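Working notes for the structure below.
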Amino acid sequence: MLDLLVIGSGVSGLSAAVRAASVHRLSVGVVTKGVMHQSATRWAQGGVAAVLGDDPDSTDLHLADTLAAGVGLCDVDAVRTLVDEGPDRVTELIRMGALFDRDADGDYSKAREGGHSRARILHAGGAATGFEIERALVVAAHDTASMLLEHAFVVDLIVRDGRCAGVEVIDADGARSEIRAKHVLLAAGGAGQLFAVTTNPLVATGDGIAMALRAGVAVADVEFTQFHPTALHHPSMPRPLLSEALRGHGAVLRNTAGERFVDELQPRDVVSRAMMAEMLSADVDHLFLDATMLEDFPVRFPTITRNLSEIGLDPASDLLPIAPAAHYTCGGVLTDLRGATSLPGLWASGEVACSGVHGANRLASNSLLEGMVFGPRAVEALADVEEGLDGATDGPEATGAMRSLLAPTTGRIGGRPLVAPPPIASEPGAIAEPGEVRAAIQQTMTRGAGVLRTAESLDVAARRLDELAAVMPIDDDGLAWHEVRNLLTVGRAAVAAAASRTESRGCHTRDDHEARSDDWLVRQVVGGR
Ligand code: SIN
C-alpha cells in the first residue's frame, strides 16, 4: 500500500509528490488520465504572483489585491498563507531547475496583470510559465516518485470505515483495478470543459470535483467559474489565450468602433462583464485587443507571437480578435488550511480544491501559486500523521475555509447547505454518442450559466442537463462516458448553486439580480454533513 497517492500531474500534484518523496521519504504514486505533462498547468501563460526578497512591494499588498478580487468571499487566513508561503515555494522551484525570465540587470523580471496594484508576476519563456514549471516538476517527479501511472483514469474514491482508502482506476486497456493508499491527494484540476468556449485542455472535465460529490465530500463555491476576457476569437479549441500580461504591458481593449471602454487592468470579472455589455449592444461575438503599440512584443511574448503568426495575425499591425472564455473553476472540494477535506484520508489542492483563497473571483496568476503552496501543505500535514506527531490528524480542522462547513453560523464566512441534484440514474443501455452529449452540455452551460445568468436561463439549463443525464448509459465503462458523467455531475451542481445565489458577485453575474447583497456573504456547500 502506498503512503500517498496523488491524482493529477499539474503543479499542485507534482509539487506535493516531489516533497512527500524527497523530504519525507514516503512511498508516493501519481496517477493521471493522460501523460504526465498534459495538465492545465502546462497551458498557464502569465506567471506566478509572488513578492520575492526585499522588493518595495509587500505581501500585505498582494493579500489586499487578492481579497479585493475575491469580492468578500476569500478566507483571509488562507490568503495570508498563500502570499506568505508563496515566495519560498517559488524559490524551491527555482532550485529544482525552473528558469524564470530576468531583466538586463539579471534581476527577475516582473509583469503586472489585472487586479494587481504592483508588477509582481514572475514569468518564464515570456508567457510560457506553466510549461517551464511543469517541465521542471515532471523531471523531479521522475527522479523521486515510486510509481507514475499514465493513461489511468480514476473513476471513483474508495471509502471504507469513514475514510478514503484509495481509488478505483481504469487502465489504458479498459481493465478496472484498485489502488490502495493511506492518503489520497486530489489534484485533478478544474472543469473548464463544461463550457463551449474555454482555454482549458480537453482533459479538464471536473473529474476530481465529481468524484468528491459522488462520495458525499463537501464541495463549495461551484457557481464561480472565471471567464478570461482575452481568449483569441478563433475556431481552435481550447481557445488560445492572449495573456493578461499583454494588458499589463500596455495593450488595450477596443470595441467595434475602435474605442476603449474599460480600464483593462481591472480584475477579470469586471473586464469580461464590460466586454459582454459591449458585445450585446453591438450584437457581435468578439471585440479586439490592440497591442500594436508594444514595440518589444516578439521578444517579450515569443510563444504568443508564434501562435498568432500561425493563423496569419501580426500584433504589430492587426487588432487581435478576442472574446471571454471559461478559464478557471474558483470553487471545488472544500479544504482547511492544511488541504484536509471533509473525508479523513482525502486531501485536495490546486484548482480542484476550494481552499478559500479565490473567493468569488481568482486574482490573475494566483493559481500556480495556490498549487505550489497548498499541495506541499497537505504533504506536511499528512507526514505529521504518518510520523505519529502528537495531535496530528488527517480529518478536517475548524480552520480556514472549513469553518464554513463545520460552523456555518459562527465562521467569518458562513456556509449555507445546498442540496445537490440527485445522482445520475439513467436506464442501462440508453444510447447517445458521448461526444454529442458532451457538446450539448457545453452549449447548455454556455447559454444558461455562462458570463451572464438569469433565473430563467438557469432553469432551462437545469432541465436540459437532467434530460442529458437521462440518456447516459450508466453501464458503459468507456473513458469518454466517464468524462461526460463527471461534466454532468459538476454542471448540475454549478447550475443549482448559481440559481440559488440571487445576487451578482465576482464571476457570478445574475442579470436579474444585478446588485451584491450582504445576505450572500456565505459560501454554498454541497455534501459533507
Ligand atoms: C494569463 O496569462 O492571462 C493567465 C494567467 C492566469 O490565469 O492567472
Side-chain angles (χ1 to χ4, degrees), residues 10-12 39-50 62 65-66 69-70 79 82-83 86 90 100-101 109-116 119-134 189-192 195 198-201 204 224-233 238-253 264-272 275 289 291 294 297 300-305 307-308 315 320 322-330 350-351 357-359 361-373 506-507:
V11 60
S12 192
S39 65
T41 293
R42 185 168 187 261
W43 297 73
Q45 294 190 352
V48 186
H62 187 185
D65 292 344
T66 303
V79 180
L82 178 84
V83 300
V90 172
F100 287 91
D101 297 336
S109 120
K110 284 167 281 182
R112 188 162 168 209
E113 294 182 0
H116 287 274
R120 62 169 72 99
I121 320 295
L122 301 167
H123 47 87
T129 314
F131 187 92
E132 174 59 11
I133 288 176
E134 187 72 9
F195 296 88
T198 177
T199 60
N200 286 196
F224 299 108
T225 293
Q226 180 178 81
F227 289 80
H228 195 296
T230 56
L232 190 67
H233 182 68
R239 282 287 151 92
L241 191 60
L242 298 183
S243 174
E244 186 150 343
L246 289 167
R247 278 174 280 142
H249 219 56
V252 297
L253 297 182
E264 290 83 0
L265 287 179
Q266 295 268 8
R268 288 178 186 163
D269 57 329
V270 179
V271 179
S272 288
M275 287 178 68
L289 183 70
L294 304 192
F297 194 115
R300 172 64 180 83
F301 302 103
T303 43
I304 300 179
T305 306
N307 294 344
L308 290 173
L320 308 173
I322 45 153
H327 185 61
Y328 192 83
T329 309
C330 295
E351 190 173 355
V357 296
H358 304 313
N361 175 48
R362 170 173 72 78
L363 184 67
S365 286
N366 267 356
S367 55
L368 295 172
L369 188 70
E370 184 197 20
M372 65 182 80
V373 167
C507 42

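Numbering of residues begins at 1 and proceeds along the displayed sequence. When a ligand or atom number is given, it counts from 1 through the structure's own listing order. What you see is a predicted model, and the numbers here were worked out from it, not measured in a lab.
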> Under the salt bridge (Lys or Arg N to Asp or Glu O under 4.0 Å) test, which residues partner Arg268, sequence neighbours left out?
Replying inline: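 Here the qualifying residues are Glu244.
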
>> Looking at every heavy atom in both Ala231 and Thr199, which two are closest together, and how far apart are they?
In response: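 Taking every non-hydrogen atom into account, CB-CG2, 4.2 Å.
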
> Near ligand 1, which residues have a heavy atom under 4.0 Å away from one of its atoms?
Replying inline: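 Around ligand 1, where the cutoff is 4.0 Å for heavy atoms, the contacting residues are Gln45, Gly46, His228, Leu241, Ser243, Glu244, Arg268, His327, Arg362, Ala364, Ser365.
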
> Mind checking what makes side chain to side chain contact (heavy atoms under 4.5 Å, CB included) contact with Thr230, not counting sequence neighbours?
Replying inline: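 For Thr230 the side chain to side chain contact (heavy atoms under 4.5 Å, CB included) partners, ignoring immediate neighbours, are His228, Leu242, Arg247, Leu253, Leu289, Ile322.
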
>> Which residues pass the side chain to side chain contact (heavy atoms under 4.5 Å, CB included) test with Thr225, not counting sequence neighbours?
In response: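 Partners of Thr225 by the side chain to side chain contact (heavy atoms under 4.5 Å, CB included) criterion, ordered by chain and then number, come out as Phe195, Phe227, Ala326.
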
>> To the nearest 0.5 Å, what is the distance between OG1 on Thr329 and CG on Asn200?
In response: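 So the gap between those two atoms works out to 6.5 Å.
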
>> If you take the centroid of each ring, where Trp contributes its six-membered ring, are Phe224 and His358 closer together than 6.0 Å?
In response: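 Judged by ring-centre distance (under 6.0 Å), His358 and Phe224 do not meet the cut-off.
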
